[in-house]
Protein chains: 2
Amino acid sequence: MIRNGLTAEVSKVSKRVRQEDIAKELGLSINSVSLALKNSKRINEETRQRVQQVAKELNYIPNSIARSLVEKKSKIIGFILPKITNPVQIETAQLIERKLMANGYNMMLMTTDSDRDYESFALDILVSRQVDGIFLFPTNKQNQDKIRSIRNAHIPMVLLSGGNYEPASDSVYMNQYKGAYKAAAHLAQLGHRKIAFIHGGAANMEKYMGYQTALKDNGIEFNPELVITVDKYSYEQGYLSAAKLFPQGGVTALFASSDYLALGALRWCREQGMRVPEDVAIVGFDDLEAAQYAEIPLTSVTYKVEELTTLAVELLYRLITEQEHTTKSKPTRIEIEPSLQIRSSCGYKSQNGEVSACKKG
Amino acid sequence: MIRNGLTAEVSKVSKRVRQEDIAKELGLSINSVSLALKNSKRINEETRQRVQQVAKELNYIPNSIARSLVEKKSKIIGFILPKITNPVQIETAQLIERKLMANGYNMMLMTTDSDRDYESFALDILVSRQVDGIFLFPTNKQNQDKIRSIRNAHIPMVLLSGGNYEPASDSVYMNQYKGAYKAAAHLAQLGHRKIAFIHGGAANMEKYMGYQTALKDNGIEFNPELVITVDKYSYEQGYLSAAKLFPQGGVTALFASSDYLALGALRWCREQGMRVPEDVAIVGFDDLEAAQYAEIPLTSVTYKVEELTTLAVELLYRLITEQEHTTKSKPTRIEIEPSLQIRSSCGYKSQNGEVSACKKG
DNA sequence: TTGTACGCGTTATCAG
DNA sequence: CTGATAACGCGTACAA
């Protein structure tokens, strides 16, 4: 039943319009419509145009659920991260979302609250939703077997973490160990002997190792009393940690596993009238904008998030393409090396070996 | 073909296992399996157990795509926001994701980069994906017609913005106008006459209005030279804006539409040796943790994000439930009123009307 | 209690 | 160039 306008029934009832509706409208078969809509050359130019015309008038929007079912791919990528409060992880998510979008993928975001079971649950959901791939910032306690099982199921997944161990799946990551090593070594080489460390627990084991090794390599004995574990990367936790660390005396340097922690500690020190870096040197991690614009611009461990996300997306695409034969080979590991962005919060060593604005151990 | 273990074919080939596979394994029909899996009472307790047992052994994971197709709901909620760099919006997303998760929904996250066309595109994609609902932080230039068309299509959507205009869809929002009014009025009442304003352009019109009205109500003439528009909520933009504003002289107070901008400006002022709040008073917006732990703790406009997200989720659920008959009624508007979190960055007025630590205009 | 048949909206294969 | 017909995996009447 073709008219100048559209069939009354269709425009009134707000049921979603399907290919079938536009087929009826034009007296065509459903599959001609399907072909016409994808600009198949197997369809007459004129009918193609008519179909597309009517599709627009009817406000046809394809049902990707149905499409996914038959094509066996959802064009959805899952992204799991512990908490949204970590700016670097969020920036990573943002950059990745952009890149995915450009290739017709969308992102399903899930948070685990750093809970092992939530993470496992999230992975199940994503598998259930037939996602074409997964990015995962693993939580502290690794779901090693779960991760392995996903890999065995040939579901492309890229871990956004790693370190000095063998990851259970393909991964792209910034080497936190090296970052922490550089930070602690820098402080040590400036002459500090009592270097405190604030970290976020199990999730920061790599950083912890880097810190310890740097001390050892610089002839400093590790002192567990100088290490504080917090459960959140916040200014507040940094502030409170400083309040615990410094009163016991002797600490002249602090390395925090997050800029927020470092900045919170910085605030405490300043409130106490301590000078930075003269009385205490501080180094953070992540190089947030807040570090650069802090009261005392903060030295911090930094890396190119853009580069990492590019590599991560490339890797995932490769996994999606190869899919089948990758399974048995060993997981790919791609590593980004962080560097130290030096600012004034830790003083500096001049050419002749003199250390300025920095109290020596 | 039942054995003690599992059919060899099944465990070797890594094709996803379906209900059919477990049906074959037990010599049952597909639908008995389906029923057994959902704990239907219409199925024998013993077979139910056997089915669930085998399902577990086979590692059966339901295909939600197929389920969505028949049930006509995806259990996916779309979430659109301009940029992920806004911490408050991200926190909103996080809190909402938690609440959704608890009810079996998952979140598809999309960013628009504050681009009108991207936003429109994102909405199309979500509709195409048959999402059950949408949360939208609209960009500057509203896609009024698009938003209306989504509403007319009976797709539940909650806008996370609003103001002194009639929103095209249901909305839950913090009244930015009032927040800005309070901030500017506070500065005016402290005696400031030349109050600068940094804002993010079209997205901040409500705040702009609040600022202007507050000036007027306090007998201060609006001076466009004291207003700076930036394209990004960053420390850097705040820093640069301050560098433009203050050298021209006379400005004694600054209100920024974001804490980042305010903190960047604060940094510039401090670098110039200006005292805060004695030489210049500063007020920000959002009350981030960074505001509280700033060099000079920052007065800022604040509101309960938790409360807003709770209301937003409730509203969306209501829309999902009612669906049909809501269409014609006017959109629901729920408003949260912000308040001013006063800290030391703007001085204060004592009981007897004296203003301390605050240079009078 | 269990099995059969059909539908969800789309794509793909194969005739005509 | 176009039209039946059969998938895709699951849910649900209805029948046995």
Side-chain angles (χ1 to χ4, degrees), chain A residues 10 13-52 54-55 58-76 104 127-132 153, chain B residues 10 13 15-52 54-55 58-76 104 125 127-132 153:
Chain A
V10 172
V13 177
S14 85
K15 216 178 146 218
R16 306 263 226 275
V17 9
R18 307 151 299 168
Q19 294 186 349
E20 186 180 344
D21 298 318
I22 112 165
K24 274 197 187 125
E25 188 72 26
L26 287 128
L28 287 175
S29 77
I30 297 185
N31 116 350
S32 296
V33 171
S34 177
L35 291 174
L37 287 174
K38 9 182 28 111
N39 291 319
S40 165
K41 286 160 280 172
R42 292 172 40 198
I43 219 84
N44 187 3
E45 172 62 16
E46 189 202 322
T47 39
R48 197 180 66 73
Q49 297 233 342
R50 270 169 50 216
V51 168
Q52 303 217 351
V54 173
L58 248 38
N59 227 316
Y60 167 75
I61 295 184
N63 182 331
S64 20
I65 298 257
R67 182 181 299 171
S68 295
L69 186 58
V70 43
E71 288 190 338
K72 287 170 160 294
K73 47 184 160 175
S74 60
K75 288 298 212 169
I76 297 179
V127 172
S128 163
R129 289 206 180 270
Q130 316 293 113
V131 296
D132 294 342
Chain B
V10 173
V13 178
K15 214 177 147 220
R16 305 263 225 277
V17 9
R18 307 152 298 167
Q19 293 186 349
E20 185 180 346
D21 297 318
I22 112 166
K24 275 196 187 124
E25 188 72 28
L26 286 126
L28 288 174
S29 78
I30 296 185
N31 113 339
S32 297
V33 172
S34 177
L35 291 174
L37 287 174
K38 12 181 26 109
N39 291 319
S40 164
K41 288 159 279 175
R42 294 172 40 198
I43 219 82
N44 187 3
E45 171 63 16
E46 189 201 323
T47 39
R48 197 181 65 73
Q49 297 232 342
R50 271 169 49 217
V51 168
Q52 304 216 350
V54 173
L58 247 35
N59 227 316
Y60 167 74
I61 295 184
N63 182 331
S64 16
I65 297 258
R67 181 181 299 169
S68 295
L69 187 59
V70 40
E71 289 189 337
K72 287 172 158 293
K73 47 184 162 177
S74 59
K75 289 298 215 170
I76 297 179
I125 299 232
V127 172
S128 161
R129 289 205 179 271
Q130 316 294 113
V131 295
D132 294 342

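Just so it is clear: chains get the letters A, B, ... in the order the sequence lines come, proteins before strands, and each one is counted from 1.
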Write down the atom of [X], the atom of [Y], and the distance for their closest heavy-atom approach.
{"X": "A/I22", "Y": "A/A55", "answer": "CD1-CB, 3.9 Å"}
{"X": "B/L37", "Y": "B/Y60", "answer": "CD1-CE2, 3.5 Å"}
{"X": "A/G104", "Y": "A/K75", "answer": "O-CB, 3.7 Å"}
{"X": "A/S40", "Y": "A/R48", "answer": "O-CD, 4.3 Å"}

>> Return whichever of A/I30 or B/Y60 has its heavy-atom-nearest nucleotide of DNA chain D closer to the 5' end.
In response: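 Nearer the 5' end of the strand: A/I30.
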> Which residue, A/L35 or A/L69, contacts DNA chain D at a nucleotide closer to its 5' end, judged by nearest heavy atom?
Replying inline: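 Checking each residue's closest nucleotide, the 5'-ward one belongs to A/L35.
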If you compare every side-chain N and O of [X] against the phosphate oxygens of [N] (OP1, OP2), does one of them come in below 4.0 Å?
{"X": "A/Q130", "N": "D/dG9", "result": "no"}
{"X": "A/T47", "N": "D/dT2", "result": "yes"}
{"X": "B/R67", "N": "D/dG11", "result": "yes"}
{"X": "B/S34", "N": "D/dG11", "result": "yes"}

> Which nucleotide in the list D/dG11, D/dG9, D/dT2 gets nearest to the side chain of B/R18?
Replying inline: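 So the side chain of B/R18 is nearest to D/dG9.
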> Between D/dG9, D/dC1, D/dC10, which nucleotide gets closest to the side-chain atoms of A/K72?
Replying inline: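 Comparing D/dG9, D/dC1, D/dC10 against the side chain of A/K72, the answer is D/dG9.
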> Have B/S128 and A/S64 got a donor and an acceptor in their side chains that come within less than 3.5 Å?
Replying inline: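 Distance-only check passes for B/S128 and A/S64.
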Starting at [atom1] of [X] and ending at [atom2] of [N], how long is that distance when rounded to a whole Å?
{"X": "A/Q19", "N": "D/dT2", "atom1": "CD", "atom2": "P", "answer": "15 Å"}
{"X": "B/I22", "N": "D/dC10", "atom1": "CD1", "atom2": "C1'", "answer": "13 Å"}
{"X": "B/D21", "N": "D/dG9", "atom1": "CG", "atom2": "P", "answer": "9 Å"}
{"X": "B/K73", "N": "D/dC10", "atom1": "NZ", "atom2": "P", "answer": "18 Å"}
{"X": "A/E71", "N": "D/dA7", "atom1": "CD", "atom2": "P", "answer": "18 Å"}

>> Going 5' to 3' along DNA chain C, which are the first and last nucleotides with any atom under 4.0 Å from a heavy atom of chain A?
In response: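 That gives a stretch of C/dG9 to C/dC14.
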>> Suppose we screen for side chain to side chain donor-acceptor pair (under 3.5 Å). Which residues come up paired with B/T47, at least two apart in sequence or across chains?
In response: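 Not a single residue meets the side chain to side chain donor-acceptor pair (under 3.5 Å) criterion with B/T47.
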>> Checking side-chain hydrogen bond (donor to acceptor under 3.5 Å, both in side chains) between B/Q49 and each of B/Q52, B/E45, B/E46, which is the one that passes?
In response: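 For B/Q49, the side-chain hydrogen bond (donor to acceptor under 3.5 Å, both in side chains) test succeeds with only one of B/Q52, B/E45, B/E46, which is B/E45.
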>> I want to confirm an ordering. Mapping B/I43 and A/P62 to their closest nucleotides on DNA chain C, which one lands closer to the 5' end?
In response: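 Of the two residues, B/I43 wins.
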>> Which is more 5' along DNA chain C, the nucleotide nearest B/R42 or the one nearest B/V70? Just name the residue.
In response: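 Nearest-nucleotide comparison on DNA chain C picks B/R42.
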